[in-house]
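Data block below; observations after.
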Amino acid sequence: MGRRILNDALRTIVNAERRGKATVELQPISTLMSSFLGIMKNKGYVKNFQVHDLHRVGRITVELQGRVTDCRAITFRQDLKAKEIEKYRLRALPSKQWGYVVITTPDGVLDHEEALRRNVGGQVLGYFH
C-alpha cells in the first residue's frame, strides 16, 4: 500500500486538472508525497499545498495551477546512477523542453536537474509534465 499512496494522489491531481477544478484534497498522505508536491510547487506546476494533521491519517489540500498534463509514480522504483539520469529522462518525458523526473537520493528528494548538478543517483519516484 505504501507505493500506491503516491500513485493514487498523483492520479487524483491529474483527474482534477482535466476537470478544471481549482483545488483537490489528497488522503491518506505521506512525507514522500509532500516532498514530491514541494518539487511541483517550486517548478510552478502547483500553486500551493497545505498539510492538515500530519500525525494522524491527515490530508493535503492542493491548489492547482492548470499546468499538469500528466503525472505518474513509478511503482517499481528503478535505481539510476547519475550518468543514467539523462537517458531515463529522454525515455520517460515527451519532450526535452518541459517535464521533470523526481528521484529520491541520499541528499533527499530531488528533481533530475538538481540530481545531475549534485552528481548523485537514486531511485526514480515518478515524473510530471
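All residue numbers refer to positions in the sequence shown, counting from 1. Note that these values count all heavy atoms, side chains included, but never hydrogens, waters or copies made by symmetry.
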Inset, instruction - Report, as yes or no, whether the 6.0 Å neighbourhood of atom CZ on Arg91 holds more than 12 heavy atoms from other residues, nucleotides or ligands. - result: yes
Legend entry - Lys47 atom NZ, neighbour heavy-atom count above 12 within 6.0 Å: no
Inset, instruction - Only counting residues at least two apart or in another chain, list the ones meeting ring pair (Phe, Tyr, Trp, His ring centres under 6.0 Å) with His112. - result: Tyr100
Inset, instruction - Applying ring pair (Phe, Tyr, Trp, His ring centres under 6.0 Å), name anything that partners Tyr127, two or more places apart in sequence or on another chain. - result: none
Identify the heavy atoms of [X] and [Y] that sit nearest to each other, and give their distance.
{"X": "Leu116", "Y": "Ala82", "answer": "CD2-O, 3.5 Å"}
{"X": "Ile85", "Y": "Ala115", "answer": "CD1-CB, 3.9 Å"}
{"X": "Gly121", "Y": "Pro106", "answer": "O-CD, 3.6 Å"}
{"X": "Leu93", "Y": "Trp98", "answer": "CD1-O, 4.1 Å"}
{"X": "Pro28", "Y": "Ile5", "answer": "O-CG2, 3.6 Å"}
{"X": "His129", "Y": "Gly99", "answer": "CB-CA, 3.6 Å"}

So how far is it from [X] [atom1] to [Y] [atom2], rounded to the nearest 0.5 Å?
{"X": "Leu32", "Y": "Thr104", "atom1": "CG", "atom2": "OG1", "result": "6.5 Å"}
{"X": "Asp79", "Y": "Ile103", "atom1": "CG", "atom2": "CD1", "result": "11.0 Å"}
{"X": "Lys43", "Y": "Gln65", "atom1": "NZ", "atom2": "CD", "result": "14.5 Å"}
{"X": "Leu26", "Y": "Met33", "atom1": "CG", "atom2": "CE", "result": "6.0 Å"}
{"X": "Thr61", "Y": "Phe49", "atom1": "OG1", "atom2": "CZ", "result": "11.0 Å"}
{"X": "Ile74", "Y": "Gln123", "atom1": "CD1", "atom2": "CD", "result": "12.0 Å"}

Inset, instruction - Report whether Val102 and Leu110 are members of the same hydrophobic cluster (ILVMFWY, side-chain heavy atoms less than 4.5 Å apart, transitive linking). - result: no
Inset, instruction - Walk me through it: do Glu17 and Thr69 pass the test side-chain contact (heavy atoms from CB on, under 4.5 Å)? - result: CA-CA 8 Å; Glu17 287 274 6; Thr69 54; over 6 Å; no
Does a side-chain heavy-atom distance below 4.5 Å link [X] with [Y]?
{"X": "Arg59", "Y": "Asp53", "answer": "no"}
{"X": "Leu64", "Y": "Val62", "answer": "yes"}
{"X": "Val124", "Y": "Leu80", "answer": "yes"}
{"X": "Leu10", "Y": "Phe36", "answer": "yes"}
{"X": "Asp70", "Y": "Phe128", "answer": "no"}

Inset, instruction - Have a look at Leu37 and tell me which of Asn42, Ile60, Ile29 forms a side chain to side chain contact (heavy atoms under 4.5 Å, CB included) with it. - result: Ile60
Legend entry - Ionic contact status for Asp111 with Arg117, cut-off 4.0 Å: no
Inset, instruction - Output yes when Arg89 and Glu84 qualify as a salt bridge under the 4.0 Å nitrogen-oxygen rule, no when they do not. - result: no
Legend entry - Short side-chain to backbone donor-acceptor contact, Arg67 and Gly44, under 3.5 Å: yes
Inset, instruction - Ignoring hydrogens and angles, tell me if any N or O in the side chain of Arg11 forms a donor-acceptor pair with the backbone of Cys71 under 3.5 Å. - result: yes
Inset, instruction - Quick one: name the residues clustered hydrophobically with Leu90, using the 4.5 Å side-chain heavy-atom rule over I, L, V, M, F, W, Y, and just say none if it's on its own. - result: none
Inset, instruction - Start with the C-alpha gap between Arg118 and Glu113, add the side-chain angles, then the distance that decides, and say whether salt bridge (Lys or Arg N to Asp or Glu O under 4.0 Å) holds. - result: CA-CA 9 Å; Arg118 293 184 187 189; Glu113 292 174 346; over 6 Å; no
